[in-house]
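Report on the structure given below.
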Amino acid sequence: RTFWGWLNAVFNKVDHERIRAVGPDRAASEWLLRCGALVRYQGSPKWQQDYNGLPTGPLGKYKIEAISATDSCIMYRGFDYLDGLEHVTDIKLEKCMYIQDECLQRLSETNNLQKSLQQLKIISCGNVTDKGIIALHKLTNLEYLYLSDLPGIREKETTFRVLQQALPNLELELDLE
C-alpha cells in the first residue's frame with residue numbers, strides 16, 4: 001500500500017517545464033491519463049484513454065473540454081496542471097481515493113475553472129466532507145452539481161443551503177443517505 005501511494009505521488013508530480021514546452025492542455029492530458037483518468041477534447045465526441053494515443057499537432061490545437069476521473073489516482077499535488085485549462089466545462093470525480101476537501105478547494109480557486117466549469121459530479125469519494133462541498137461556492141458558472149455516496153457529508157441541509165445561496169442558478173442533484 002505504501003509503495004502504491006508513493007508511485008501515485010510520483011505520477012502526480014507537476015512538471016512545470018513540460019507545461020511550458022507542450023502547453024497546459026497537452027501536459028494536463030498526460031498527467032490525467034497517467035493517473036487513469038480520461039479526457040475529451042473540444043469538438044470530439046470520444047474519450048481519450050490511451051496515453052500512447054494522445055493526438056499530436058500544433059501546440060494548443062487540442063483543448064480539454066471534459067475530464068472523467070473514475071478510479072483514478074489524481075491527487076492534490078497534481079492540481080497545478082489544471083491552472084492553464086481554459087475550456088473545461090465538465091468534471092467527474094468518481095471513486096477517487098485521493099480526492100479530499102483540499103482538492104475541491106483548490107479546484108474552486110482555479111481562475112480558469114471558475115469561468116468555464118459548468119458541470120461537476122462527485123461520487124464515492126470517501127474523503128470529501130461538508131467543508132469541501134462548501135468550498136465549491138467559488139465556481140460561479142457551475143450550473144449542475146451531482147453528489148452521490150459521500151459518507152463524509154454530515155451537515156447536509158446546512159451545506160446545501162450555503163451552496164444554493166452562493167450559487168442561486170445551481171441545479172443540485174443529491175443521492176446521499
Return yes if some donor-acceptor pair links the side-chain N/O of [X] with the main-chain N/O of [Y] below 3.5 Å, else return no.
X    : Y    : value
N141 : K115 : yes
T129 : G152 : no
D80  : V14  : no
R77  : I74  : no
N12  : C73  : yes
D175 : D149 : no

Cluster check [X], [Y]: I/L/V/M/F/W/Y, side chain < 4.5 angstrom:
X    : Y    : answer
Y98  : I133 : no
L174 : L150 : yes
I123 : L176 : no
I122 : M75  : no
L145 : L167 : yes

>> Could you work out, with ring pair (Phe, Tyr, Trp, His ring centres under 6.0 Å) as the rule, every residue matching Y41, not counting sequence neighbours?
In response: Y62
> What are the two closest non-hydrogen atoms of E86 and S116, and how far apart are they?
Replying inline: O-CB, 3.6 Å
> So which heavy atom on C96 is nearest to which on S72, and how close?
Replying inline: SG-OG, 3.8 Å
> Sequence neighbours excluded, which residues qualify as salt bridge (Lys or Arg N to Asp or Glu O under 4.0 Å) partners of K138?
Replying inline: E109
>> Checking R34 now: which residues fulfil salt bridge (Lys or Arg N to Asp or Glu O under 4.0 Å) with it, not counting sequence neighbours?
In response: none
> How are the rings of Y81 and W31 set relative to one another: parallel (under 30°), tilted (30 to 60°) or perpendicular (over 60°)?
Replying inline: parallel
> Quick one: ring-ring contact (aromatic ring centres under 6.0 Å, His included) pairs with a partner in residues 107-139, sequence neighbours left out?
Replying inline: none
>> Heavy-atom count check: over 12 atoms from other residues, nucleotides or ligands less than 6.0 Å from K156 NZ?
In response: yes
Kindly compute the distance separating [atom1] ([X]) from [atom2] ([Y]), expressed to the nearest 0.5 Å.
X    : Y    : atom1 : atom2 : value
L117 : L82  : CG    : CG    : 10.0 Å
L163 : I134 : CG    : CD1   : 8.0 Å
L113 : T140 : CG    : OG1   : 11.0 Å
K63  : D25  : NZ    : CG    : 5.0 Å

>> If you apply the rule side-chain contact (heavy atoms from CB on, under 4.5 Å), what do you find for L85 with N112, and how did you get there?
In response: CA-CA 6 Å; L85 304 181; N112 286 328; 5.7 Å; no
>> Run the side chain to side chain donor-acceptor pair (under 3.5 Å) test against Q48 and tell me which residues pass, sequence neighbours left out.
In response: none
> Do you see a donor-acceptor pair shorter than 3.5 Å between the side chains of R40 and S44?
Replying inline: no
>> I'd like to know if D83 and R106 make a salt bridge, using a cut-off of under 4.0 Å between side-chain N and carboxylate O.
In response: yes
> Going through the checks in order, is the side-chain contact (heavy atoms from CB on, under 4.5 Å) test met by V128 and D101?
Replying inline: CA-CA 5 Å; V128 170; D101 294 342; 4.2 Å; yes
> Which pairs, with at least one residue in residues 160-173 and sequence neighbours excluded, count as a side-chain hydrogen bond (donor to acceptor under 3.5 Å, both in side chains)?
Replying inline: Y144-E173
> Among T89, L147, L136, whose side-chain contact (heavy atoms from CB on, under 4.5 Å) with L120 holds?
Replying inline: L136
